[in-house]
Amino acid sequence: MWPDSTKLSGYAENGPYHCGKCKFLEGTKTCIHPVVNADDQVKKDSDGKPVVDAAKGCCEFVDPK
């Protein structure tokens, strides 16, 4: 999708869209989309949930609120 994006979900921190405007953002930094959850290339927190950058990150499944 974008340069340096992950292969499974297309998550990157240099695209035109942002997690902060997506309905899959939970709280301020966790994504609840199942494909992003399954993506081994996305950083995970201590609970195994994907940690995303709400200001700069996005994936192929962005769905604005």
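Values below: every heavy atom of this structure, side chains too, minus hydrogens, waters and symmetry copies. Remember, predicted model here, so these are calculated numbers, not experimental data.
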Handout entry: Pairs involving residues 6-25, ordered by first then second residue, that meet salt bridge (Lys or Arg N to Asp or Glu O under 4.0 Å) (sequence neighbours left out)
Key = Lys23-Asp63
Exercise for the section: Kindly state each residue pair satisfying ring-ring contact (aromatic ring centres under 6.0 Å, His included) with at least one member in residues 35-55, sequence neighbours excluded. Expected result: none
Handout entry: pair Cys22-Phe61: side-chain heavy atoms closer than 4.5 Å
Key = no
Handout entry: Residue pairs passing the ring-ring contact (aromatic ring centres under 6.0 Å, His included) test where at least one lies in residues 38-58, sequence neighbours excluded
Key = none
Practice task
Any chance you could pull the hydrophobic cluster mates of Val51, using side-chain heavy atoms under 4.5 angstrom and chaining through other members?
Solution key: none
Handout entry: Partner residues of Thr6 under the side chain to side chain donor-acceptor pair (under 3.5 Å) criterion, sequence neighbours left out
Key = Ser9, Asp39
Fill in the blank from the handout: Nearest heavy-atom approach of Asp53 to Lys56 is OD1-N, 3.0 Å
Handout entry: Nearest heavy atoms of Cys19 and Tyr11, plus distance in Å
Key = SG-CE1, 4.0 Å
Cut-off 3.5 Å, no hydrogens considered: what does the side-chain donor-acceptor table look like for residues 24-38, sequence neighbours left out?
| residue | atom | partner | partner atom | Å |
| --- | --- | --- | --- | --- |
| His33 | ND1 | Val35 | N | 3.0 |
| Asn37 | ND2 | Cys31 | O | 3.4 |
| Asn37 | ND2 | His33 | O | 2.8 |

Handout entry: Main-chain N/O of Ala55 paired with His18 side-chain donor or acceptor, under 3.5 Å
Key = yes
Problem - Residues which pass salt bridge (Lys or Arg N to Asp or Glu O under 4.0 Å) with Asp47, listed by chain and number, not counting sequence neighbours - result: none
